[in-house]
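Keep in mind that the numbers below use all heavy atoms, side chains included, and drop hydrogens, waters and symmetry copies. Read the numbers this way: they start at 1 and go in the same order the structure lists the ligands and their atoms.
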Amino acid sequence: MSDCLFCRIVDGTIPAQKVYEDELVLAFKDIHPQRPVHILVIPKKHITSLSTVLPEDADILGRMLAKAHEIAVDQGSPDGFRVIINTDRVGQQEVPHLHMHIVGGPDPVGPMLKRL
Ligand code: 5GP
Ligand code: ZN
């Protein structure tokens with residue numbers, strides 16, 4: 001999907017500050033961080049949102065969650081973090097390529113974040 005922003009980050013035509021990568025997922029710093037640690041974890045394969053996930057995508061979703069703690073610790077959030085997946089119109093998803101926010105830092109993130 002050459003017209004998809006996050007697919008272009010995967011293929012390298014748009015730069016990003018990558019913090020983790022394997023054969024299934026890529027993690028990079030959010031361009032407008034809401035907390036001291038704000039990482040986006042995305043599937044390398046284009047999946048539009050949680051509403052278009054297929055049964056065979058389970059390994060990808062599992063990898064995204066399974067790597068969250070490691071990425072959070074590595075990025076400076078050793079004592080916990082929050083994950084958020086905004087989905088479609090009601091979830092106010094802005095980029096139509098599935099992504100999981102990891103937000104954290106040294107201090108508690110507070111109540112539900114206002115806008116991610
Ligand atoms: P959403 O609202 O769709 O859940 O979150 C989209 C996120 O992508 C936002 O937090 C926004 O700051 C981030 N973002 C949008 N464009 C770019 C970009 O070009 N590079 C990076 N690193 N993050 C982006
Ligand atoms: Zn995409």
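Applying the 4.0 Å criterion to heavy atoms of F6 picks out, from ligand 1, the atoms 8 (O). In summary, the atoms of ligand 1 found under 4.0 Å from a heavy atom of Q92, numbered by their order in the structure, are 2 (O). Applying the 4.0 Å criterion to heavy atoms of Q93 picks out, from ligand 1, the atoms 3 (O). Each of the atoms 12 (O) of ligand 1 lies under 4.0 Å from some heavy atom of H32. Contact atoms of ligand 1 toward F28: 21 (C), 22 (N) (distance under 4.0 Å to a heavy atom of the residue). Taking every non-hydrogen atom of V95 and a distance limit under 4.0 Å, the qualifying atoms of ligand 1 come out as 3 (O), 6 (C).
Of the inter-residue distances, the one linking I39 atom CD1 with S77 atom OG reads 10.0 Å to the nearest 0.5 angstrom. Atom CD1 of I102 sits about 11.5 Å away from atom CG of D30, to the nearest 0.5 Å. The CD1 atom of I9 lies 6.5 Å from the CD1 atom of I42; values are rounded to the nearest 0.5 Å.
Here the angle at the Zn ion (ligand 2) defined by SG in C7 and SG in C4 stands at 120°, rounded to 10 degrees.
Ion pair K67/D22 not flagged as a salt bridge, since none of the NZ, NE, NH1 or NH2 atoms sits closer than 4.0 Å to an Asp/Glu carboxylate oxygen.
Of all the heavy atoms in S49 and Q93, the pair that sits closest is CB-OE1, 3.2 Å. Across V103 and V109, no two heavy atoms sit closer than the pair O-CG1, 3.8 Å.
Between H99, E94, M100, it is H99 that holds the heavy atom closest to atom 5 (O) of ligand 1. For atom 24 (C) of ligand 1, the candidate residues are I9, I31, D30; the nearest heavy-atom contact is made by I31. Which of I14, N86, V103 comes nearest to atom 4 (O) of ligand 1 through a heavy atom is settled by distance: it is N86.
Proximity of L5 to ligand 1, defined as any heavy-atom pair under 4.0 Å, is confined to the side chain (atoms from C-beta onward). At a heavy-atom cutoff of 4.0 Å, ligand 1 is contacted by the side chain of H101 but not by its backbone.
Within H46, the N, O or S atom at minimum distance from the Zn ion (ligand 2) carries the name ND1. The Zn ion (ligand 2) sits nearest to atom ND1 when only the N, O or S atoms of H97 are considered.
Judged by distance alone, with hydrogens and angles left aside, the side-chain atoms of H97 form a donor-acceptor pair with the main-chain N or O of P43 at under 3.5 Å.
Looking at H38 next to ligand 1, no N or O pair under 3.5 Å apart turns up.
Looking at P106 and P36, their side chains come closer than 4.5 Å, going by heavy atoms from C-beta outward.
When the options R82, R35, H38, Q34 are evaluated for a side-chain hydrogen bond (donor to acceptor under 3.5 Å, both in side chains) with H101, the one that passes is H38.
Atom CD of Q17 is surrounded by 12 or fewer heavy atoms from other residues, nucleotides or ligands within 6.0 Å.
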